[in-house]
Amino acid sequence: WFGDLGDIIEQFMGGMWWWFSNRPRKGSDLKLQLSVTFEEAYHGVEKTFDYTIQVQDGQYLKDQKKSITVKVPKGIEDGQYIRYTGMGNGGIHEWPDGDLYVRISVQKHKLRHRSGDDIVVKMPVDVFQLMLGGLLLVDHPEGKVEVKIPKGTQPQDVLRVKNKGFGKWGFFD
């Protein structure tokens, strides 16, 4: 009269599976990580790399290799994302592709680190330079920077050099 309960459930679930697997939908987003050096984060850089997405091939998904050139803007901070619309996994039944999010990982530097937009460098200074004053050459992403040590500087003092930190400059010069 109603047939076997298992047949009814299978027909219903089979129909649902077909509906879920064949309905149009946007492709899923991808998140990848790109490592850059401290200097590359300071100056900005372009890096090309390959990645794999999934695209529809008939009723199945297949892997497809893609290549992208990521334009890392100068001054980018560790952990920031760059979004590329439509560069993620393929959409189903001609719906839009997902997006690609590239997370920037700035490598640690052995001599300096970032604090906000400032570059902090700890340097050993001779006691006579502290008492009498002098000049110190400090390693910087733009090359050596001359830092004036005022007479009577204390060991815990922080010396500032204007316009030599990270800035919000946009992409490239």
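All values below come from the heavy atoms of this structure, side chains included, with hydrogens, waters and symmetry mates left out. Along the sequence shown, residues are numbered consecutively beginning with 1.
Other residues, nucleotides and ligands contribute over 12 non-hydrogen atoms within 6.0 Å of the NZ atom of Lys47.
Between Ile82 and Tyr101, every side-chain heavy-atom pair lies at or beyond the 4.5 Å cut-off. Considering only heavy atoms from C-beta on, Arg160 comes within 4.5 Å of Asp118 through its side chain. Using a 4.5 Å heavy-atom threshold, the side chains of Arg112 and Ile119 count as touching. Between Glu40 and Val72 there is no side-chain heavy-atom pair separated by less than 4.5 Å. The shortest side-chain heavy-atom distance between Asp139 and Lys144 falls under the 4.5 Å cut-off. Taking the side chain as every heavy atom from C-beta outward, Leu61 and Ile92 approach each other to under 4.5 Å. Two residues are said to be in side-chain contact when any heavy atoms from C-beta on lie closer than 4.5 Å; Arg114 and His109 fail this criterion. Between His113 and Lys108, every side-chain heavy-atom pair lies at or beyond the 4.5 Å cut-off.
A donor-acceptor pair under 3.5 Å is absent between the side-chain atoms of Gln107 and the main chain of Ser35, judged by distance alone. Side-chain N or O atoms of Asp63 include none that pairs as donor or acceptor with a backbone N or O of Gln54 at under 3.5 Å. Although no hydrogens or angles enter the test, the distance criterion places a donor-acceptor pair under 3.5 Å between the side chain of Asp78 and the main chain of Val106. Arg25 contributes no side-chain N or O that, together with a main-chain N or O of Gly27, makes up a donor-acceptor pair within less than 3.5 Å.
Among pairs with a residue in residues 122-136, none fulfils side chain to side chain donor-acceptor pair (under 3.5 Å), at least two apart in sequence or across chains.
For the side-chain contact (heavy atoms from CB on, under 4.5 Å) test, residues two or more places apart in sequence or in another chain that qualify with Gln154 are Gln156, Asp157.
No hydrogens or angles considered: a donor-acceptor pair under 3.5 Å links the side chains of Asn89 and Ser28. Under 3.5 Å, the side chains of Thr69 and Thr48 contain a donor-acceptor pair of N or O atoms.
Atoms CZ and CD1, from Phe166 and Ile76 in turn, are 10.5 Å apart once rounded to the nearest 0.5 Å. Annotation: the span from Arg83 atom CZ to Asp29 atom CG amounts to 7.5 Å, rounded to 0.5 Å. How far OG1 of Thr153 is from NZ of Lys148: 9.5 Å, rounded to the nearest 0.5 Å.
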> So His43 and Glu142, side-chain contact (heavy atoms from CB on, under 4.5 Å) or not? Walk me through it.
Replying inline: CA-CA 9 Å; His43 292 290; Glu142 294 176 357; 4.1 Å; yes
